[in-house]
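Okay, structure first, notes after.
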2 protein chains.
Amino acid sequence: MPAKDVITAQPSAAPQSDNGWDSLLQEISHRPKRATERKQDRSKRTEQQILTGALRVFARDGISRSRIADIAAEAGISASTLYEYYKSKEDLAYDVPLSHLAEFFEGYHAAAANKTTRERLLLYLVMSADYAREHAEWARLFYLEIWPSIFVTDTDLRHSINDFTRVLLFLVNDAIAEGWIARDRNLYETVALLTGGINQIIITWLLYRKPRNLTKAGTEMAERLIAMLEIEAGATR
Amino acid sequence: MPAKDVITAQPSAAPQSDNGWDSLLQEISHRPKRATERKQDRSKRTEQQILTGALRVFARDGISRSRIADIAAEAGISASTLYEYYKSKEDLAYDVPLSHLAEFFEGYHAAAANKTTRERLLLYLVMSADYAREHAEWARLFYLEIWPSIFVTDTDLRHSINDFTRVLLFLVNDAIAEGWIARDRNLYETVALLTGGINQIIITWLLYRKPRNLTKAGTEMAERLIAMLEIEAGATR
DNA sequence: ATCCAAACCGAAATTTCTTCGTGAATATTC
DNA sequence: GAATATTCACGAAGAAATTTCGGTTTGGAT
C-alpha cells in the first residue's frame with residue numbers, strides 16, 4: 001500500500017487509517033534501546049544512576065560546561081567507570097533524552113486512543129508543552145541543546161527527533177483528507193507552523209519562565225493554531 | 001509619554017508612532033561595541049580576521065568541537081595571541097554573531113522606511129529568512145547554538161536576541177491598534193506564533209536544507225501567517 | 001631616532017577527557 | 001559449594017585541549 005493512500009483516502013468522522021496510526025506510534029514509542037544490554041543487576045542500577053545524574057548536570061551546566069567527573073560523582077561512581085557505559089561525553093548526552101521521548105510517545109499513544117483527528121492534534125500539542133513543564137530538566141536538554149544541534153548524527157536520536165514531526169505529518173494529512181485543513185497549502189509548511197508555534201512557547205518558558213503557566217499557554221496556543229487552520233480552510237474552500 | 005500610548009493610539013493608514021519606531025531601530029542597530037577599542041590598525045585587522053575565522057570554524061565544527069588552535073590558524077595568528085582579544089572560547093563565540101545582527105537590523109531599518117505596518121511586518125519575517133540564507137554560516141551559529149543557549153548571559157548578546165522579539169512586539173502592537181490583528185488575543189502569544197513559524201522554517205532549512213528555496217518558503221510562511229492573523233481578527237471582530 | 005605601549009609568540013601550566021592495567025564483584029559451570 | 005569465567009569498578013597514567021606567563025617584536029607618537 002503506497003503512502004499516497006493516506007492522502008487520497010476518503011474523509012470520515014472517525015480518523016481513517018487507524019492501523020497506520022497505531023503502527024506508527026508503536027514503532028515510535030518502542031525504538032530499540034542500545035544493542036548491548038547490561039548483564040548484571042548492579043550495572044543496570046548504575047546505568048540508571050548515570051542517566052539521572054547526567055540529566056541533572058547537563059540541564060544545570062549545559063553539555064559543554066558539564067564535567068564527566070561531576071556526573072560520575074552524582075552517580076556515585078568513578079569517572080573511568082562511566083566509560084564502561086558510554087564511549088564519550090557526547091554519546092552520553094545524546095542518550096539521556098531518549099528514554100523520556102519514548103515515555104512521552106507512549107503516554108500520548110494511550111491518551112490519543114479513540115479520539116478524532118482534531119482531538120489528537122490538539123492533544124499532541126498540549127501534551128508536548130505539558131510534558132516539557134513536568135520534565136523541565138529534560139526539556140532544557142532536549143529543546144535547547146539536542147534538537148537544534150546539527151551534530152546529532154546518532155541515528156536513534158535523530159530518528160526520535162524526526163518522529164516528533166512524523167506524528168504531526170500524519171495528523172495533518174488526515175485533517176486535510178477530512179477537509180478541515182486547507183488542501184492547497186504546503187503540508188510541510190503547516191507542520192512547521194504547528195511545531196514552531198508550540199516550540200516557541202516552550203523555549204521561551206525554558207529561557208525566561210514566561211509565560212508563568214506553560215500548560216495554560218500551550219493549550220491556548222494549540223487551540224488558536226487549530227482554529228486558525230480551520231478558518232483558513234473555510235476561507236479558501 | 002508612557003509606553004501604553006503605543007497601544008491606545010488611534011489607528012491610521014500610515015504607521016503611527018514613527019518616532020518610537022525609528023528610535024527603537026536606531027537603538028537596536030547601534031548597540032555599543034565592546035568597551036575596549038583596539039588602538040593599532042594592525043590589531044583592528046587581526047580582530048576582524050579572528051571574527052571571520054571563528055565564524056567559519058564554529059559554523060563548520062560547532063562551538064564545542066571547535067579548537068582555538070584552528071581558529072587562530074585561520075586568522076593567521078598564534079593561539080596565545082587570540083587571548084589578547086577574547087578571554088575565552090565562549091566569549092569569542094558569543095561575540096561573533098553580534099556584528100551580523102547589527103547589520104541585519106540596519107538593513108531592515110532602511111528597507112522598512114515609508115512602509116505600512118503590515119508591509120513592515122511582512123518584510124521583517126521575509127528578511128529574517130533571507131538573511132539566514134545569505135549568511136548561512138552565521139545563521140547556523142546564531143539559530144542553532146546561540147539563540148537557544150540558556151547560558152548566554154553576555155549582556156550585549158542577550159540584548160540583541162531580545163531585540164529580535166522587541167521589533168515584533170512593536171509591530172504587532174501597531175497592528176492591533178490598526179485593528180487587523182485581534183485585540184483579544186495575547187500579544188506575546190501572537191509574537192511567539194510569528195517567531196516560531198518563521199524560525200522553524202529557518203531551522204529546518206539549516207538542518208536539512210529543506211525547503212530547497214528558503215526565500216520562497218519564508219515569504220510563503222510570512223504571507224500565510226499574516227493572512228491568518230487578519231482572518232482571525234475579522235472572524236472575532 | 002627614541003621611547004613606550006600594544007601586539008605577538010613559544011613554552012609551560014592547567015584542566016578536562018579518555019585509556020589502560022589490575023583487582024573486586026557477580027554469575028556460571030561443574 | 002568450590003572453581004572458573006565474565007562483568008564491573010577504579011586509580012593512575014596518557015592525551016588533548018584551553019589558558020597563562022615571560023619575554024620579544026612591532027607600530028606609532030614625540
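Naming convention: chains lettered A, B, ... in sequence-line order (proteins, then strands); numbering from 1 in each chain. None of the values given here were measured: they were computed from a predicted structure.
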Q: Using a strict cut-off of less than 4.0 Å between a Lys/Arg side-chain nitrogen and an Asp/Glu carboxylate oxygen, indicate whether B/R140 and B/E145 qualify as a salt bridge.
A: no
Q: Using the heavy-atom set of chain B and a strict 4.0 Å cut-off, write down the first and last nucleotide of DNA chain C that makes it in, 5' to 3'.
A: C/dA6 to C/dG10
Q. What salt bridge (Lys or Arg N to Asp or Glu O under 4.0 Å) pairs are there with at least one residue in residues 196-214 of chain B, not counting sequence neighbours?
A. none
Q: With sequence neighbours excluded, tell me which residues meet salt bridge (charged side-chain N to carboxylate O under 4.0 Å, His left out) with A/E27.
A: A/R31, A/R166
Q | Backbone of B/T46 reached by a side-chain donor or acceptor of B/S43 within 3.5 Å | A | no
Q: For A/K87 and for A/R67, find the nucleotide of DNA chain C with the closest heavy atom, then tell me which residue's nucleotide is more 5'.
A: A/R67
Q | ring pair (Phe, Tyr, Trp, His ring centres under 6.0 Å) partners of A/F58, counting only residues at least two apart | A | none
Q. Which part of the nucleic acid does A/S64 contact within heavy-atom distance under 4.0 Å: base, sugar-phosphate only, or nothing?
A. nothing
Q.
Check A/R60 with A/E137, please: is the shortest side-chain N to carboxylate O separation under 4.0 Å?
A. no
Q) Out of A/Y108, A/W21, A/F170, which one pairs with A/Y124 under the ring-ring contact (aromatic ring centres under 6.0 Å, His included) rule? A) A/Y108
Pull out every protein N or O sitting under 3.5 Å from an N or O of nucleotides 6-13 of chain D, one pair per line with the distance.
unit_1 : atom_1 : unit_2 : atom_2 : d
D/dT7  : OP1    : A/K39  : NZ     : 3.2
D/dC8  : OP1    : A/K39  : N      : 3.3
D/dC8  : OP1    : A/Q40  : N      : 3.3
D/dC8  : OP1    : A/S43  : OG     : 2.4
D/dC8  : OP2    : A/R38  : NH1    : 3.2
D/dC8  : O4'    : A/R42  : NH2    : 3.3
D/dA9  : OP1    : A/T46  : OG1    : 2.9
D/dA9  : OP2    : A/Y85  : OH     : 2.4
D/dC10 : OP2    : A/S78  : N      : 2.9
D/dC10 : OP2    : A/T81  : OG1    : 3.0
D/dG11 : N7     : A/S80  : OG     : 3.2
D/dG11 : O6     : A/S80  : OG     : 2.7

Q | Pair listing, side chain to side chain donor-acceptor pair (under 3.5 Å) test, anchored in residues 98-107 of chain A, at least two apart | A | A/E103-A/Y131
